[in-house]
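Order of the sequence lines sets the chain letters (A, B, ...), proteins ahead of strands, with each chain counted from 1. Both backbone and side-chain heavy atoms feed into the values below; hydrogens, waters and symmetry mates do not.
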Number of protein chains: 6
Amino acid sequence: MIHILLIISSLFIISTHAAVQDFCVADLKGQESPAGYSCKSTINVTVEDFVSSSLNIAANTSNIIKAVVTPAFSAQLPGVNGLGISIARLDLAPGGVIPMHTHPGGSELLLVTQGVIKAGFISSANKVYMKTLKKGDIMVFPKGLLHFQLNAGGVPAVAFASFSSASPGLQITDFALFANDLPSSLVEKTTFLDNATVRKLKAVLGGTG
Amino acid sequence: MIHILLIISSLFIISTHAAVQDFCVADLKGQESPAGYSCKSTINVTVEDFVSSSLNIAANTSNIIKAVVTPAFSAQLPGVNGLGISIARLDLAPGGVIPMHTHPGGSELLLVTQGVIKAGFISSANKVYMKTLKKGDIMVFPKGLLHFQLNAGGVPAVAFASFSSASPGLQITDFALFANDLPSSLVEKTTFLDNATVRKLKAVLGGTG
Amino acid sequence: MIHILLIISSLFIISTHAAVQDFCVADLKGQESPAGYSCKSTINVTVEDFVSSSLNIAANTSNIIKAVVTPAFSAQLPGVNGLGISIARLDLAPGGVIPMHTHPGGSELLLVTQGVIKAGFISSANKVYMKTLKKGDIMVFPKGLLHFQLNAGGVPAVAFASFSSASPGLQITDFALFANDLPSSLVEKTTFLDNATVRKLKAVLGGTG
Amino acid sequence: MIHILLIISSLFIISTHAAVQDFCVADLKGQESPAGYSCKSTINVTVEDFVSSSLNIAANTSNIIKAVVTPAFSAQLPGVNGLGISIARLDLAPGGVIPMHTHPGGSELLLVTQGVIKAGFISSANKVYMKTLKKGDIMVFPKGLLHFQLNAGGVPAVAFASFSSASPGLQITDFALFANDLPSSLVEKTTFLDNATVRKLKAVLGGTG
Amino acid sequence: MIHILLIISSLFIISTHAAVQDFCVADLKGQESPAGYSCKSTINVTVEDFVSSSLNIAANTSNIIKAVVTPAFSAQLPGVNGLGISIARLDLAPGGVIPMHTHPGGSELLLVTQGVIKAGFISSANKVYMKTLKKGDIMVFPKGLLHFQLNAGGVPAVAFASFSSASPGLQITDFALFANDLPSSLVEKTTFLDNATVRKLKAVLGGTG
Amino acid sequence: MIHILLIISSLFIISTHAAVQDFCVADLKGQESPAGYSCKSTINVTVEDFVSSSLNIAANTSNIIKAVVTPAFSAQLPGVNGLGISIARLDLAPGGVIPMHTHPGGSELLLVTQGVIKAGFISSANKVYMKTLKKGDIMVFPKGLLHFQLNAGGVPAVAFASFSSASPGLQITDFALFANDLPSSLVEKTTFLDNATVRKLKAVLGGTG
């Protein structure tokens, strides 16, 4: 029999501090820094900070683009804060599309769990890397590059996108160009689109100017 | 109409170099460095380097622990090299278990796609964070900490584990302790297990000494 | 008087190895890794690897967009390899524009040295951050976000853009969408642009499909 | 003679801010983030934040495993916060052992200063790397891998372990498995140990369930 | 026409959180961490946080070393916080010099915009890399190495130094050695300079001891 | 009894690849990259790559500065390559001194094992942090800052310096200034030292110009 009670105390003290560094559950009310959210006190951390059921429900894709993205980034799943990983669920109804977009902060690894999804990214050399993915297929999209997904089948498609960051960010090209107050003349000059096109898209996306 | 042919050449030159840095598809025959594999020449890169269908097949779990892990790390999916992300598929038959293990190189984010999985990790403070996960549930395991998964339902369970590294590594505690030639006396001294236990597990795991 | 010849040898041995780690001048013919180019042998390194006069000449902006970008990234200035910094020169004639683009691999810090430049970036929240910059003004653009520059004055404008990476990459939105073989139908579905617009821009940018 | 008073002021202003970034002494009462503790105000920083005498005393190893680890991590030596380095002292009496453990957050470099220590680590490939170390010998243990140290001589052994992190963490396998409330049945299923062994070790290590 | 109002809300929620991570404008009154300043609330962020006109004015170099450095680091340009980049302006009158110094936290990329500057750095192998730079020339100085700049022409010289860090730091050798209370005897012992030299420089630089 | 032979093969395959990423023992004849040396093939890796006895011998300090530094960086201890840690031994005879120097690539943590050492560093704010250290005392020196050690007792002093890098580098101020061919006039201009001092030190340190 081994009595280790004496050593437990000193080792336990080390362990306590070690635990603080094992993870840093996001204190969503606390300060943020370039490295992420401040850490919630370990005393208040439970397994619930590391789990989520929010991605197990099919989202309502009754919108025009027939697609929804449900994220589990730091803000939704505090346990990922500082761990360099996060995930989101993609629901695409038949005909649904996730428009051209980038993730400035992370690479993406897509896993199709239902249906058929055509996905692709474009490199800085303007080369297109595109594939039709079926259930169980995976595809990786390097950080910061334009990419898209669309439902290429006749049934609702579901996929899960993992990211190499707790908060990879999301910039949807059309929203960035047309959903704000960037003056139309500037949009035209910097995209070569004509005024009619710019005005039309601004109108539907809620942009002004 | 906009003629941009003149600018294409100079901008295209920048873009080519940029493409090299967008990704670094693993040259599996080339040298490795602390940052990953050397890069395959961009000329030889195709979309196939970024996709895989190897995780869409249920693995044969007819083994004693009734579980199999199928990885898509750098070595299997060369496109993830240097991107800080990878994935693996877990198949657990009823009663199946992924034994206690760690990933020295990355945090893990688990997504259950079928069945019921009981999963948990232990912090450096020896606190247990455990949850029973159903389809669509997710759980994150901080880097380097001991964790496990087991099938907690009556049907085959399937899950996908994403990692915050292209090669997160995998150290299964029992294999590390019993499946090699580490002398039994040392195993006993460093684990408090008795000789009979050590010898038994060495015997079944193929260890010697 | 201090004779330190004896110590020079041992300290010098340390220093030699230290020098290798001080920098890693790009061996442009060698292998690349996620961390950059392999290092040229220190024996062959001279000050010329760390300097360049290629940015001191006004580029010929007689093209339709009346702008040129001249980079000094790893491939052009081998000394920056692995140092996390690089630079490029922007020349914009009156009416010139650097179209909407991103740098997947780095943040940018722009310094105007001549003329007047209107520059802006769009955040993931679609908010526009825009400013008219005069000589000596600086502006920073966070990594991966869409941004643009255009000449807002009546004289040629010159600026220098520093990057937080030796190879920050460059993805010009229009080129990514229209200058390759991404099928027009896909461009339309993922950008909401109509077929006429897509075909027109593909035609001028050399795209097919 | 050179009067530089005029320049002192402007350069001093730069220097002050620079000093803040030179180091970030841990404010142990402040918030923590994934990058470490918040910084103590430079005004309150003294040399005492960067030094410690706490590792110069032989610890009392009169416990059953005849070993003690005395850390100087961020929490004990605030000056290491954010610097990527820390250290701990190991005292092992004859027969003493530091049981199988990992450091999730850092690699370890061991230096023996007294006695004889047998040390080893196990790779993810289950290969054992083991050596008997004498005074002045050093050994490095890669991050996150299982390793151990034990006194292989007849006199008290002392060693100092440096880490590539200000808070490398510490997970002792036996404590993680047996010193908490992880149900015995789960321990058995995930380690292949039998119930008698699990119950015995839980009893001595203070575990329940 | 495309109505995307329904999707805007959910995507907008993602985008808002993404924006937080796009940048982290320094809250100069908030806490600092090893990763930089805490983030200012996005609500209060404007384009002014990302721009500066403070570097467009020639500094008054009527001091003895006839040179001034005007920084735009995190503290002066809050938008660079966490972005890995910053910049400073160098003004050197004829005969002016930026004395031997290092930047502990970043590499430097110098761009000459006016006049002629002789610049150089010394590697750990004590090799000198030196060049006379004219307008438009650039030179990179690897992180942490000693370097200098001086005006090598007959007109005021101006240069801009970009850094691979938002707060690269600045240690001027002479100030470090002579402008504080480091005892003269220690300066002599650690630099091989004689007492007369040390006392003289301490006197002019405001040092004591 | 548990038969796990079936699972061994598949898990073993994962483990093999994992082992490659556990460490990257330096192939000293291979290419170097910004991340370190290329990796030696795992087949050829033995425990000898991770251990060294080269620091257990007192160095011969019969030189004028009565001090020697014996490094165990990547080049001497290949196992540390890519692990972010290394170590060196300092021997200082009575009156011995390690002159003012910096480590551009890493922070340093000093442990005194014999004698008495006075050590200190200077911050960018020119503040001196200095302490007399006895056996068992430790002191940390932030990366890139000037620091020194000298023997403050009457017996030989020994210390071990750990670094937060496998190759932290070493720049000794006097060597950088006087042991090369940097023209004397430049040394004078950039350090405020007079010509006599510069010539004297160049003479003893083997410098020219």
- Do the side chains of Asp27(D) and Gln31(E) get nearer than 4.5 Å, heavy atoms only? yes

- Item | Pairs meeting criterion ring-ring contact (aromatic ring centres under 6.0 Å, His included) with involvement of residues 80-117 of chain D, two or more places apart | His101(D)-His103(D), His101(D)-His147(D), His103(D)-His147(D), His103(D)-Phe163(D)

- Query: Mind checking what makes side-chain contact (heavy atoms from CB on, under 4.5 Å) contact with Ser41(E), not counting sequence neighbours?
  - Reply: Ile43(E), Asn44(E)

- Query: Quick one: CD on Glu32(E) to OG1 on Thr42(D), what's the gap to the nearest 0.5 Å?
  - Reply: 7.0 Å

- Which pair of non-hydrogen atoms, one from Cys24(D) and one from Ser33(E), has the smallest distance, and what is that distance? SG-C, 3.8 Å

